[in-house]
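Notes for the one structure printed next.
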Amino acid sequence: MSSLKAICDDLALLLKNSHNSQDNLETLFVEGYFNEECFSVFKRLLSLSISESFIESLFIDNEKYDFEHDDEEFDKGSVDWSININKAKLLEKTGYDSKFTAFEEYLFFSDDFLDVAERDFFGFRNPFEPSLLSEDKVIRIQVHGLDVSISGEYLRITPVDDTNVFKKSAHLYIPNQDKIKGTIKLISNSAIQIAPALFAITKGDVGDSKFAIIRNAYKSSLLASLATSFYSQGDISLDGLKHLSVNIGSWRSEDPLECKNLEELISWIYTGDDCETKKQLIADRLALELPQKFNLQGLNDSLIIESLEQAKSKYKFLLAERNEDYRKELKELYSDLRDFSTKLNELCDSISKGLVTDVLSLSFIFSLTVFSRITLGKREFMTDSSIELIFKGVAVYLLVSFVMRFWNANQSLINSERIFTDWSSKLHNHISKEEIKQISEKQLLPPKQHFLTVYVVVGAIHFILAVCSFFYRTWLY
């Protein structure tokens, strides 16, 4: 397999001898005039078996080169040339096919491509517009001539054919885009991206000046994470003790540690589930200190540190108050569950008493008929059609009465459970719906099982008695 670096070295020589070139995301276009170095480069490139795959077009003196019939040896009288390289094909044929690597692969030929690229493909100049960077993939950009490298969770920039293994580094938690957007009111006609994790570079030469534009995109995204409402990069609101309208202007800093304290503040806000409360505490302090129309890029470290310390202190008191309220609500919840269990027991008692009533009634009828038979000595009395109707009526009564009791009790249980659920979700501010559900299921499982067991047993007895009554002749004779 041909070496990507060797091919890139030859292409770099063509770039050096060119009078026009365009290094785009997908292609490299170069044109120039022939000299001995160019003749040698073309000879090497065209001798490669894969050259036809990645060279989209080659023109010699304005005539298209035919890979099948033209000779690799050009006429020494040739004057000009132009070549168009398909970067994706070049990467694929040299072992960097995105289908088989862990990255989405890209290639550039200038170490200042981050600044001079015509289009902002990766969102470094405007991190708030969706770009090729996303939380669904990791992008690797190989740059010919680059002598430094960086790596983050979603982005890696390295020299061509770089074999450097990045060491693991400890870094603060940076929230994903969904979590950040869940705390911000986005008001815009176009799609907005607030994803500092995309631009977080944690390994390699993170302080190199070449990557200052990425660090700036990272800082801008971190600052946007403080917003209460986001209209655009130039119009952001922080709603603390007062409404503060601010912006995120342009900024270029060479200090690689500039975001350290801001990073810690954002990490604290978005760690855990209570993000909005913590963000509100930060906004309260910033709203008192900052003027209207302030450029957040000028937020100094001392204010960030003071705001974080004050917010942490206030948050501890809030947690203490919430814990007390939580205990009170938990006590009320268990009290409600006890009442609900009591209702289940009452329903079990009701159905059991209904069974006793039905059994006593049926026993009275059986006793009456047997007594009549003994005293009158008439066997035919039990075969009388009216007596048969009575026994069948008793059978029907036993089944219908049980079904009605069960339906009534079950509906009462469903209504009570619905009211309990609605009541709990509205009145319990410090206990989550999920926690209420888990506690309720655990506490109510035994009484519900008892309730169903009673109904199964009572239903079985009703059914047996109904069958005996309906087929009383079989049991009698």
Side-chain angles (χ1 to χ4, degrees), residues 22-27 87-88 98 103-143 146 148-158 171 174-184 186-206 208-227 230-236 247-254 256 258-259 262-263 266 270 295-297:
Q22 292 179 0
D23 190 8
N24 297 317
L25 183 71
E26 297 175 347
T27 61
K87 293 182 181 181
S98 297
F103 310 97
E104 189 168 297
E105 305 280 359
Y106 293 95
L107 175 67
F108 287 91
F109 288 85
S110 172
D111 62 1
D112 61 351
F113 80 98
L114 294 175
D115 294 307
V116 302
E118 292 183 7
R119 291 181 58 189
D120 190 20
F121 294 110
F122 303 104
F124 298 142
R125 290 197 285 270
N126 185 359
F128 304 114
E129 288 186 3
S131 64
L132 290 176
L133 281 176
S134 79
E135 294 174 348
D136 299 325
K137 60 190 176 185
V138 182
I139 284 180
R140 176 165 62 184
I141 304 172
Q142 297 188 65
V143 184
L146 189 68
V148 288
S149 58
I150 57 168
S151 178
E153 187 175 358
Y154 302 104
L155 174 66
R156 178 175 289 195
I157 301 178
T158 68
H171 61 278
I174 302 300
N176 59 36
Q177 183 170 204
D178 290 340
K179 190 163 190 178
I180 293 173
K181 283 187 173 182
T183 68
I184 300 175
L186 300 175
I187 307 171
S188 175
N189 294 326
S190 57
I192 293 175
Q193 172 181 273
I194 303 177
L198 295 179
F199 308 101
I201 48 178
T202 57
K203 292 172 279 189
D205 304 292
V206 296
D208 193 276
S209 60
K210 294 183 179 67
F211 307 119
I213 189 173
I214 302 178
R215 294 196 298 272
N216 186 63
Y218 178 53
K219 182 181 179 182
S220 297
S221 298
L222 287 174
L223 290 170
S225 304
L226 294 171
F230 188 101
Y231 299 87
S232 67
Q233 186 171 351
D235 189 3
I236 297 171
N247 63 80
I248 301 175
S250 59
W251 193 267
R252 183 87 173 187
S253 173
E254 302 298 330
E258 182 179 9
C259 294
L262 179 59
E263 211 175 35
I266 296 300
Y270 287 97
N295 181 359
L296 289 178
Q297 294 279 12

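Predicted model only: the values in this text are computed from it and were never measured.
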How far does [atom1] of [X] sit from [atom2] of [Y], to the nearest 0.5 angstrom?
{"X": "Ser220", "Y": "Phe199", "atom1": "OG", "atom2": "CZ", "answer": "9.0 Å"}
{"X": "Tyr231", "Y": "Ser188", "atom1": "OH", "atom2": "OG", "answer": "11.5 Å"}
{"X": "Leu226", "Y": "Ile184", "atom1": "CG", "atom2": "CD1", "answer": "8.5 Å"}
{"X": "Ser221", "Y": "Ile248", "atom1": "OG", "atom2": "CD1", "answer": "8.0 Å"}
{"X": "Thr27", "Y": "Leu25", "atom1": "OG1", "atom2": "CG", "answer": "8.5 Å"}
{"X": "Arg215", "Y": "Phe124", "atom1": "CZ", "atom2": "CZ", "answer": "12.5 Å"}

Go through the steps for Ile141 and Phe108 under the test side-chain contact (heavy atoms from CB on, under 4.5 Å), then give the verdict.
CA-CA 7 Å; Ile141 304 172; Phe108 287 91; 3.6 Å; yes
Please find the pair of heavy atoms, one from [X] and one from [Y], that lie closest to each other, and give the distance.
{"X": "Asp23", "Y": "Phe109", "answer": "OD2-N, 2.8 Å"}
{"X": "Lys137", "Y": "Tyr154", "answer": "O-CD2, 3.5 Å"}
{"X": "Glu263", "Y": "Ile174", "answer": "CG-CD1, 3.7 Å"}
{"X": "Ile139", "Y": "Leu132", "answer": "CD1-O, 3.5 Å"}
{"X": "Ser151", "Y": "Arg156", "answer": "OG-NE, 3.5 Å"}
{"X": "Tyr218", "Y": "Ala200", "answer": "CE1-CB, 3.6 Å"}

Could you tell me whether a side-chain N or O of [X] sits under 3.5 Å from a main-chain N or O of [Y], the two making a donor and an acceptor?
{"X": "Gln193", "Y": "Pro127", "result": "yes"}
{"X": "Lys181", "Y": "Ile192", "result": "yes"}
{"X": "Gln177", "Y": "Ile194", "result": "yes"}
{"X": "Lys87", "Y": "Leu107", "result": "yes"}
{"X": "Thr158", "Y": "Ser149", "result": "no"}
{"X": "Tyr270", "Y": "Ser225", "result": "yes"}

I'd like to check [X] versus [Y] (side-chain heavy atoms, cut-off strictly below 4.5 Å). Are they in contact?
{"X": "Cys259", "Y": "Leu222", "result": "yes"}
{"X": "Ile214", "Y": "Ile150", "result": "yes"}
{"X": "Asp178", "Y": "Glu135", "result": "no"}
{"X": "Ile180", "Y": "Phe230", "result": "no"}
{"X": "Asp205", "Y": "Lys210", "result": "no"}

Would you say the rings of Tyr106 and Phe121 are close, in the sense that their centroids are separated by under 6.0 Å?
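Phe121 vs Tyr106: aromatic centres not under 6.0 Å.
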For Leu223, which of Asn295, Asn247, Ile236, Leu262 qualifies under side-chain contact (heavy atoms from CB on, under 4.5 Å)?
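The passing option is Leu262.
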For Glu26, does the CD atom sit with more than 12 other heavy atoms under 6.0 Å from it, leaving out its own atoms?
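Atom CD in Glu26 is not packed in, count stays at 12 or less.
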Chi angles and distances behind the side-chain contact (heavy atoms from CB on, under 4.5 Å) call for Ile157, Ile201:
CA-CA 10 Å; Ile157 301 178; Ile201 48 178; over 6 Å; no
